[in-house]
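Structure first, commentary second.
Note that the numbering runs from 1 along the sequence shown for the chain.
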Amino acid sequence: MPSLLQRLARIKPYLRGSHAGLVAAVGGAVVTAITEPLIPALMSRLLDQGFTAGTLQLWMVPAAIIGLFAIRSLSGFISQYGLAWTATRTVLKLREHLFARLLANEPGLFSRSSASSMTNTLVYETQGGVTTLVGCLLTLVRDTLTLVALMGYLLWLNWQLTLVVALLFPAVALVMRVLGKRLHRLTVEAQKATDSLAYVVEENMLAWRIVRLHGAEPQQAGRFFDRADVVRRLTLKGVVAAASMTPVTQMLAACALSGVITVALWQSSQGGATVGSFVAFVMAMLQLIAPVKHLSDVMAPLTRGLAAVERGLDHIEHTAVEVGGTHDGGRAAGEIRFENVGLSWRDDAPPALAGIDLVIRPGEAVALVGPSGAGKTTLVNLLPRFLQPTSGRITLDGVPLADWDMHALRRQFALVSQDVVLFNDSVAANVSLGAPMPREQVRAALAAANLLEFVESLPDGLDTAIGHNGSQLSGGQRQRLAIARAVAKDAPVLILDEATSALDSESERAVQDALERLMKGRTTLVIAHRLSTIENADRVVALEGGHLVEQGTHAELLAAGGVYARLHAMQFKT
């Protein structure tokens with residue numbers, strides 16, 4: 001396992017640009033530490049020259065006390081503000097890098113990680129982790145400097161007694177090291193358990209209708225309780241490890257203090273110390289307890305904060321980014337070739353696709369049909385490289401997809417699917433997603449999707465917010481808004497994945513009209529279970545078990561009596 005310093009060094013790049021805040025925070029801590037020994041020194045002077053000798057003027061003591069604490073108060077404020085400034089800038093930079101990596105990550109991440117886990121890391125853990133971590137680092141600096149200043153003062157007062165005090169530090173360091181390792185392991189386990197708990201909440205938020213319909217509330221509550229109980233038990237174990245540091249440290253400090261007092265009393269009996277110097281030494285000794293306690297207490301939040309930040313850093317440093325080529329041929333003509341394409345999810349499972357050879361000409365409308373699990377959606381997901389084939393190759397305009405620049409490749413495709421994804425923003429923002437455009441262009445896209453009249457009837461027109469995933473719209477309106485987005489993108493290749501399957505007959509007719517206008521002049525791949533919607537396709541391609549089994553026109557395949565004819569007969573038999 002890397003050392004604490006090696007782990008802390010990973011955060012250094014995100015502190016760039018925050019040097020002013022760090023200087024203020026550390027500078028304030030240094031001033032606070034330097035003024036710490038002045039308190040017992042002032043007390044020694046007061047006892048020896050004020051009460052005993054009577055040589056101090058009355059105004060000196062209150063002036064010194066007020067001045068000393070004014071300096072400490074100002075330095076404490078500057079230190080805290082510098083800390084907050086540094087922490088907020090660091091959180092901003094870390095979140096910016098983390099979200100950028102999330103957007104650029106290879107698509108497999110989204111099947112391996114839950115949305116709740118990524119949200120927890122990006123939103124909550126980075127904020128709490130960095131804030132806690134920077135605060136802990138300031139505590140380490142301030143209290144370490146305070147210890148050095150006090151120990152220097154103690155050495156100057158009485159080096160023999162100081163050696164007794166010095167025996168405390170190796171024992172405290174050993175306790176912090178042993179308990180710190182255990183606390184780090186428990187913190188990582190608790191983070192994973194919290195992700196699992198958040199995922200249960202996410203699932204039930206998305207599937208609340210099914211849960212209630214099936215009366216599954218007790219079952220889901222049981223799942224939640226089991227995972228919440230794991231978090232509780234791990235949290236308690238972490239509390240035991242963290243809480244053990246303080247009492248052990250205090251006992252060690254008590255042993256050191258008792259030894260100091262014993263030796264000091266012996267020295268006093270030999271005439272080797274004044275009352276003022278003895279009181280000053282004991283006060284400085286007692287002042288040591290607070291920074292030692294802080295340093296022992298800081299290990300728990302430091303470990304938790306560092307573990308939280310490391311989750312984000314691990315995601316940035318250890319996940320793969322999508323890799324594309326350099327080709328950018330502008331707007332593609334739309335010729336697509338699948339050459340012996342295969343895809344397997346696992347070596348021990350049947351292939352999802354095998355030996356696919358298919359040529360789609362520019363401007364051709366090709367319908368993909370077949371039973372569920374035949375590989376239709378998998379096939380079209382290969383085109384924008386949401387999936388990678390495990391064998392064969394795919395070309396667009398004769399150029400292998402792997403050679404295309406990723407952004408240039410995806411500019412060639414527009415997608416309208418059954419699962420419409422809309423953003424909680426205005427109508428105009430959803431239509432012009434990714435490329436701000438003139439309002440007239442947005443209106444033209446809405447008109448082409450048979451939605452402009454409805455949008456103009458809304459209170460704020462194009463600026464109307466549509467709610468979470470278009471919750472303020474009907475199913476047909478959401479589908480037509482997705483079509484308007486595809487119209488506005490004006491890509492040469494169009495993918496329609498069950499675009500009308502969830503609609504009633506009236507909505508389907510309106511959507512179908514919009515789709516027919518959208519398909520003109522574009523290479524189109526249509527996935528449809530309702531075979532009546534693809535009878536006018538230029539070509540029908542039938543898939544079964546991941547294999548391309550037949551292709552031809554609607555009439556040709558009906559006459560052939562194969563897979564397509566069987567599916568057609570099942571849908572239309574009376």
Side-chain angles (χ1 to χ4, degrees), residues 95-96 99-100 102-103 115 119 122-123 205-206 208-209 331 365 384 407-408 410-528 530 533:
R95 280 179 172 163
E96 181 184 17
F99 192 67
L102 179 66
L103 294 177
T119 302
L122 182 61
V123 178
M205 288 290 290
L206 295 174
W208 66 270
R209 294 181 180 85
R331 184 181 177 86
H407 295 290
R410 288 175 179 161
R411 283 201 306 268
Q412 315 304 326
F413 297 96
L415 170 67
V416 181
S417 68
Q418 174 185 354
D419 299 320
V420 176
V421 176
L422 299 173
F423 291 85
N424 189 7
D425 206 335
S426 66
V427 172
N430 274 276
V431 172
S432 59
L433 184 66
M437 58 187 62
R439 307 279 279 192
E440 286 308 311
Q441 190 174 344
V442 173
R443 292 169 62 85
L446 290 168
N450 288 337
L451 196 61
L452 181 59
E453 184 178 348
F454 166 74
V455 170
E456 289 183 331
S457 70
L458 295 174
D460 297 319
L462 295 177
D463 298 315
T464 302
I466 62 174
H468 171 65
N469 200 23
S471 58
Q472 305 300 317
L473 307 177
S474 70
Q477 290 161 353
R478 293 172 69 249
Q479 201 79 49
R480 279 179 279 167
L481 186 55
I483 293 171
R485 184 162 63 197
V487 171
K489 187 176 184 184
D490 191 28
V493 181
L494 177 63
I495 299 172
L496 304 177
D497 188 356
E498 302 286 353
T500 63
S501 63
L503 303 178
D504 57 75
S505 298
E506 183 178 352
S507 297
E508 181 182 6
R509 185 65 262 164
V511 170
Q512 196 66 42
D513 289 342
L515 288 175
E516 287 173 2
R517 285 196 290 273
L518 178 59
M519 292 167 62
K520 288 179 180 177
R522 291 179 171 85
T523 303
T524 307
L525 288 88
V526 185
I527 299 174
R530 295 186 187 178
T533 63

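The CZ atom of R485 sits 8.5 Å away from atom CG of L415, with the distance rounded to the nearest 0.5 Å. Rounded to the nearest 0.5 angstrom, I483 CD1 and L494 CG are separated by 9.0 Å. Atom CZ of residue R439 and atom CG of residue L462 lie 4.5 Å apart, to the nearest 0.5 angstrom. In this structure, CD in Q479 is found 9.5 Å from CG in L422, a value given to the nearest 0.5 Å. Taking CD from Q412 and OG1 from T523, the interatomic distance works out to 10.5 Å, rounded to the nearest 0.5 Å. For the atom pair I466 CD1 and L481 CG, the distance stands at 5.5 Å (nearest 0.5 Å).
The minimum heavy-atom distance between A445 and A484, with the atom names listed, is CB-O, 3.4 Å. Heavy-atom minimum distance, V416 versus A486: CG2-CB, 3.8 Å. Contact detail for L473 and F454: the closest heavy-atom pair is CD2-CE2, 3.7 Å. Of all heavy-atom pairs spanning P384 and I495, the tightest one is CD-CD1, 4.5 Å. Taking all atoms of both residues into account, the shortest heavy-atom contact from V487 to A448 is CG1-CB, 4.0 Å.
Checked by atom type and distance alone, the side chain of Q477 pairs as donor or acceptor with a backbone atom of S474 at under 3.5 Å. A donor-acceptor contact shorter than 3.5 Å links the side chain of S432 to the backbone of A428. Formation of a donor-acceptor pair under 3.5 Å by the R522 side chain with backbone atoms of A491 is found in this model. A donor-acceptor contact shorter than 3.5 Å is absent between the side chain of D497 and the backbone of I527.
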Check the pair L451, V427 against side chain to side chain contact (heavy atoms under 4.5 Å, CB included), reporting the backbone distance first and the verdict last. CA-CA 11 Å; L451 196 61; V427 172; 5.8 Å; no
Check the pair R480 / L446 against side chain to side chain contact (heavy atoms under 4.5 Å, CB included), numbers first and verdict last. CA-CA 8 Å; R480 279 179 279 167; L446 290 168; over 6 Å; no
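Side-chain contact between K489 and L433 is absent, with no heavy-atom pair separated by less than 4.5 Å. T524 has its side chain within reach of L496: a pair of non-hydrogen atoms, C-beta onward, lies under 4.5 Å apart.
One finds no salt bridge joining D419 and R478 here, because no Lys/Arg side-chain nitrogen approaches an Asp/Glu carboxylate oxygen to under 4.0 Å.
Under the side chain to side chain contact (heavy atoms under 4.5 Å, CB included) criterion, Q441 pairs with M437, P438, not counting sequence neighbours. R331 meets the side-chain hydrogen bond (donor to acceptor under 3.5 Å, both in side chains) test with no other residue; sequence neighbours excluded.
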